[in-house]
Amino acid sequence: MPRFSAAAPGSGRETRRGVDAARGLWQGKGQQRKPKMNLFADMRVAVIAALDEMVAGGTLPAGLDTANVTVEPPRDPLHGDMATNAAMVLAKPAGLKPRDIAEELAAKLSADPRITLAEVAGPGFLNLRLDPAVWADVTRAALAAGNDYGRSDLGHGIKVNVEFVSANPTGPMHVGHTRGAVFGDALASLLDFAGYDVTREYYINDGGAQVNVLARSAFERYREANGLEPEIREGLYPGDYLIPVGEALKAKYGDSLLNQPESVWLDDVREFATAAMMQMIRDDLALLNVTMDVYSSEKALYGTGKIEDALGRLESLGLIYEGVLEPPKGKLPEDWEEREQTLFRSTSFGDDVDRPVKKSDGSWTYFAPDIAYHYDKIERGFDQLIDVFGADHGGYVKRMKAAVAALSNNRVPLDIKLIQLVRLFKNGEPFKMSKRAGTFVTLRDVVEQAGADVTRFHMLTRKNDAALDFDFDKVLEQSKDNPVFYVQYAHARVASVLRKAAEAGIDVSPEALAKADLSGNTHEAELALVKKIAEWPRLVEIAARANEPHRVAFFLYEIASDLHALWNRGNEEPGLRFVQDDSDISAAKIALAKACAVVISAGLGILGVKPAEEMR
RNA sequence: GGUCCCAUAGCUCAGCUGGAUAGAGCGCUACCCUCCGAAGGUAGAGGCCACACGUUCGAAUCGUGUUGGGACCGCCA
């Protein structure tokens with residue numbers, strides 16, 4: 001039975017810092033680790049160094065801003081292995097022609113042993129072709145780093161708080177929460193991988209009217225447990241999930257509460273029921289392999305002066321006043337009348353109207369504890385905040401950002417990611433969710449049918465602000481039309497190769513693969529794969545900068561596609577197969593395959609999906 | 001009325017702090033399995049990136065406006 005107490009005494013918070021050392025490799029608090037080889041970042045360093053030489057040599061003026069200089073893979077492979085826009089970006093501020101800059105830059109870069117050809121193209125692009133030895137280095141770097149390949153120090157260990165799920169503790173989690181949970185958890189892992197110090201946090205809305213409704217609903221189930229007819233009135237929560245809570249209440253209180261007025265039992269029953277709901281939510285999250293670092297309680301903000309502190313700070317900044325809001329334009333609410341309220345001057349920070357923090361009866365609005373909670377996060381020293389909300393909370397984005405900007409004196413950026421809805425399908429038919437009809441699809445329903453791995457991957461195959469279709473049949477389909485299967489299959493194929501090679505007496509130990517002569521991996525299908533492997537560290541940084549974990553899922557699909565393509569080529573060209581009679585050649589091919597598997601494994605790790613060793 | 005999100009191939013969607021001839025899957029068309037790696041493979045067709053103007057050496061990407069779709073909009077949380 002429920003053991004969870006929403007508020008740890010005195011703090012309003014439960015943490016699990018320091019007890020999570022057992023996380024998987026990729027989820028270790030990694031900001032102290034050294035970043036691994038990032039070919040594109042390395043080459044950019046070389047380009048900037050060459051530009052510095054040109055400044056020293058007098059070709060370029062000093063003090064140029066190189067922030068917009070990029071080194072990236074060209075869309076067309078005919079353009080070489082990498083391209084830089086340096087000449088075009090710098091032409092105007094330097095007062096020179098792009099091609100002139102590019103020509104000299106090309107001459108300087110040609111001295112780099114990694115670069116075999118640097119040629120000017122188009123309006124001033126500089127296309128670079130790399131020495132094949134570079135690709136061998138990439139393969140070896142991936143093998144050596146394993147699941148840490150692609151780790152970055154982009155975040156420099158700064159403290160980021162990712163608040164997600166934060167479902168009301170009034171019932172089980174449904175599919176919408178599931179997507180938010182997967183997104184938030186994957187984003188947190190991604191940021192950790194990119195060198196941020198990440199805290200996963202859940203805000204428990206246990207301070208509002210809805211937990212009183214929960215208490216009254218649970219009380220009816222308590223009466224039911226005592227043999228009375230429950231009266232689930234309109235507005236109460238009718239779900240069966242409260243029946244065991246009623247029974248637990250009976251076990252604790254016997255029949256002693258039955259004839260008592262609400263004022264006697266409300267607080268106790270509310271606390272009991274809330275704790276039970278939070279335990280259920282924790283269990284649901286555990287099914288999805290989501291573990292929070294911190295649970296913070298809204299209720300614990302009341303009566304401790306925290307709300308008053310936060311609003312007092314706003315007041316000292318002259319951002320709180322008593323006033324009357326204009327009625328909203330267009331359709332007027334039925335019961336609209338002018339009222340004086342306590343308002344936060346959020347318009348000073350880009351909001352459209354000022355927002356009430358106190359109701360006309362003097363009690364706090366929902367916004368007030370939210371302000372206090374975010375103030376608390378700022379005070380705990382976070383450098384960056386991320387909130388993951390359902391798309392229906394879009395209206396709160398501006399006011400929340402305004403509050404954080406005001407309270408942190410613009411020091412702490414707040415990014416709010418809105419999660420669009422999930423549309424459920426079964427056999428291609430829309431699957432209507434309805435609490436009344438009992439077809440209420442919970443997180444548990446989804447995970448029990450589809451499994452945590454499939455659910456997690458599929459939920460990340462769409463951008464967070466795009467609606468997502470979830471078809472129970474399609475996500476379980478074992479075909480290349482299913483991205484989950486496709487990526488897992490690629491990893492399993494490599495695992496299969498390693499097993500087969502070992503059976504054939506080939507040494508596939510890490511040491512042997514590290515020593516393999518990779519200079520023979522020159523087929524275009526092999527080069528396509530190794531170039532994709534080289535791109536992985538860059539993709540991690542792009543995804544982390546945008547707070548968009550779905551990019552990882554798409555990248556994994558692409559690299560899996562490259563592996564499958566190479567595999568298929570082996571059907572027609574036996575020389576491309578991984579397992580060969582010549583054990584030296586075989587080791588080289590297998591090293592490449594293994595490096596690919598390493599990237600898939602690391603990427604799946606960020607998404608929270610276990611890589612498959614075999615498909616069954 | 002206002003705010004936010006969205007608009008890319010027939011369909012579902014990617015598209016990098018702006019970069020070269022805009023990509024993938026499905027569907028469609030044509031080829032390809034006696035066997036050695038087909039829970040398939042190869043190739044192809046398919047686009048006014050909603051529209052207009054602007055910024056820029058360069059715009060699907062940034063800005064303004066228009067059209068169409070969705071979400072939200074003071075004592076609900």
Side-chain angles (χ1 to χ4, degrees), chain A residues 40 67-68 70 72-76 78-79 83-85 87-89 91-92 97-98 121-125 127 168 170 205 207-211 213 298 324-333 335-339 341 343 351-356 358-367 369-370 390-398 416 418 420-421 461-469 474 477-483 485-486 489 493 496-497 500 535 538-539 541-543 545-546 548 550-551 553-555 557-558 561 564-565 567-572 574 576-579 615:
Chain A
F40 289 89
N68 289 326
T70 61
E72 50 192 18
R75 197 170 304 174
D76 187 340
L78 292 175
H79 291 141
T84 177
N85 62 356
M88 289 180 294
V89 170
K92 193 167 209 179
K97 288 183 199 161
F125 283 103
N127 291 332
N168 284 341
T170 55
N205 289 114
Q210 79 282 1
V211 283
V213 174
E298 175 194 357
V324 178
L325 285 175
E326 294 285 310
K329 307 282 190 220
K331 234 189 311 179
L332 210 59
D335 58 344
W336 173 268
E337 57 183 80
E338 289 198 349
R339 291 188 188 87
Q341 307 172 87
L343 300 169
D351 202 355
D352 312 300
V353 290
D354 292 335
R355 305 292 178 176
K358 258 188 193 174
K359 301 175 191 173
S360 52
D361 68 0
S363 65
W364 300 115
T365 63
Y366 173 77
F367 188 35
D370 244 4
D392 56 342
H393 287 61
Y396 286 82
V397 170
K398 284 191 176 182
I416 298 182
L418 298 179
Q420 263 293 353
L421 53 96
T461 55
R462 284 287 175 275
K463 220 167 15 182
N464 57 286
D465 55 11
L468 173 92
D469 291 346
K474 282 187 182 163
E477 194 174 287
Q478 302 240 320
S479 80
K480 66 162 300 215
D481 303 343
N482 179 357
F485 171 82
Y486 194 67
Y489 190 28
R493 271 184 153 170
S496 162
V497 162
K500 286 252 168 62
E535 252 187 87
R538 182 171 179 271
L539 184 280
E541 295 192 348
I542 289 170
R545 249 191 275 268
E548 292 183 343
H550 77 276
R551 289 174 188 266
F554 279 95
F555 181 86
Y557 183 85
E558 288 168 13
S561 175
H564 290 308
W567 184 287
N568 292 328
R569 292 295 280 268
N571 291 329
E572 290 164 22
L576 285 179
R577 296 184 185 182
F578 298 110
V579 181
M615 305 305 292

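Throughout, protein chains are lettered first and strands after them, A, B, ... in sequence-line order, and every chain is numbered starting at 1. When reading the values below, keep in mind they use all heavy atoms of this one structure, side chains included, and skip hydrogens, waters and symmetry mates.
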Could you give the distance separating A43(B) and C36(B) at their C1' atoms, to the nearest angstrom?
25 Å

What's the gap between U34(B) and A30(B) when it is taken at their C1' atoms, as a whole Å value?
24 Å

For nucleotides A9(B) and G74(B), find the distance between their C1' atoms and express it as a whole number of Å.
46 Å

Check every strand shown and say whether Val89(A) touches a base, only sugar-phosphate, or nothing at a heavy-atom separation below 4.0 Å.
base

Using the rule for Phe, Tyr, His and the six-membered ring of Trp, do Phe125(A) and A20(B) stack at under 5.5 Å and under 30°?
yes

The nucleotide from C26(B), G74(B), C13(B) with an atom nearest the side chain of Phe554(A) is C13(B)

Report yes if a side-chain nitrogen or oxygen of Lys92(A) is closer than 4.0 Å to either non-bridging phosphate oxygen (OP1 or OP2) of U56(B); otherwise report no.
no

Write down the distance separating the C1' atoms in G46(B) and C26(B), rounded off to the nearest Å.
14 Å

If I pick the C1' atom on A60(B) and the same atom on C16(B), what distance separates them, to the nearest angstrom?
13 Å

Which residues pass the side-chain contact (heavy atoms from CB on, under 4.5 Å) test with Arg545(A), not counting sequence neighbours?
Leu154(A), Glu541(A)

Rounded to whole Å, how long is the line connecting atom NE2 of His393(A) with atom P of C5(B)?
18 Å

What residues, two or more places apart in sequence or in another chain, satisfy salt bridge (Lys or Arg N to Asp or Glu O under 4.0 Å) together with Lys474(A)?
none

Report the residues that fulfil salt bridge (Lys or Arg N to Asp or Glu O under 4.0 Å) with Asp351(A), sequence neighbours left out, ordered by chain and then residue number.
Arg355(A)

Would you indicate what Ala543(A) reaches in the nucleic acid, counting non-hydrogen atoms under 4.0 angstrom: base, sugar-phosphate, or nothing?
nothing

Assess Arg493(A) against Tyr489(A): is NZ or CZ under 6.0 Å from the centre of the six-membered ring, and within 45 degrees of the ring's axis?
yes

If I take atom NZ in residue Lys474(A) and atom P in nucleotide C26(B), what distance separates them, rounded to the nearest angstrom?
12 Å

For G58(B) versus A20(B), give the span between their C1' atoms, rounded off to a whole number of Å.
9 Å

Donor-acceptor pair present, Asn568(A) side chain and A38(B) base, under 3.5 Å:
no

Please evaluate the base of C13(B) for a donor-acceptor partner in the side chain of Arg462(A) within a cut-off of under 3.5 Å?
no

Quick one: label Pro356(A) by what it contacts on the DNA or RNA (base, sugar-phosphate, nothing), any heavy atom closer than 4.0 Å.
sugar-phosphate

Tyr486(A) OH - A38(B) C1' separation (whole Å):
14 Å

Set of residues satisfying salt bridge (Lys or Arg N to Asp or Glu O under 4.0 Å) with respect to Glu535(A), sequence neighbours excluded:
none

Separation of Asp351(A) atom CG from U3(B) atom P, in whole Å?
12 Å

RNA chain B stem ranges, 3 or more consecutive Watson-Crick or G-U pairs under 3.5 angstrom:
B:1-7 with B:67-73, B:10-13 with B:23-26, B:28-32 with B:40-44, B:50-54 with B:62-66

Could you work out the separation of A7(B) and A14(B) based on their P atoms and round it to a whole Å?
8 Å

Determine the Euclidean distance between corresponding C1' atoms of U66(B) and G40(B); express it in Å to zero decimal places.
49 Å

At 4.0 Å (heavy atoms only), tell me whether Tyr489(A) reaches a base, stays on the sugar-phosphate, or touches nothing.
base

Looking at every strand, decide which applies to Phe40(A) at a 4.0 Å heavy-atom threshold: base, sugar-phosphate, or nothing.
nothing

Lys359(A) NZ to G74(B) C1', in whole Å, measures 12 Å

Using a 4.0 Å heavy-atom cut-off across all strands, classify Asp352(A) as base, sugar-phosphate, or nothing.
sugar-phosphate

Looking at every strand, decide which applies to Ala83(A) at a 4.0 Å heavy-atom threshold: base, sugar-phosphate, or nothing.
base

For Ser479(A) versus Phe485(A), what's the shortest heavy-atom pair and its separation?
O-CD2, 3.1 Å

Mind checking what makes side-chain contact (heavy atoms from CB on, under 4.5 Å) contact with Leu418(A), not counting sequence neighbours?
Phe389(A), Val397(A), Ile416(A)

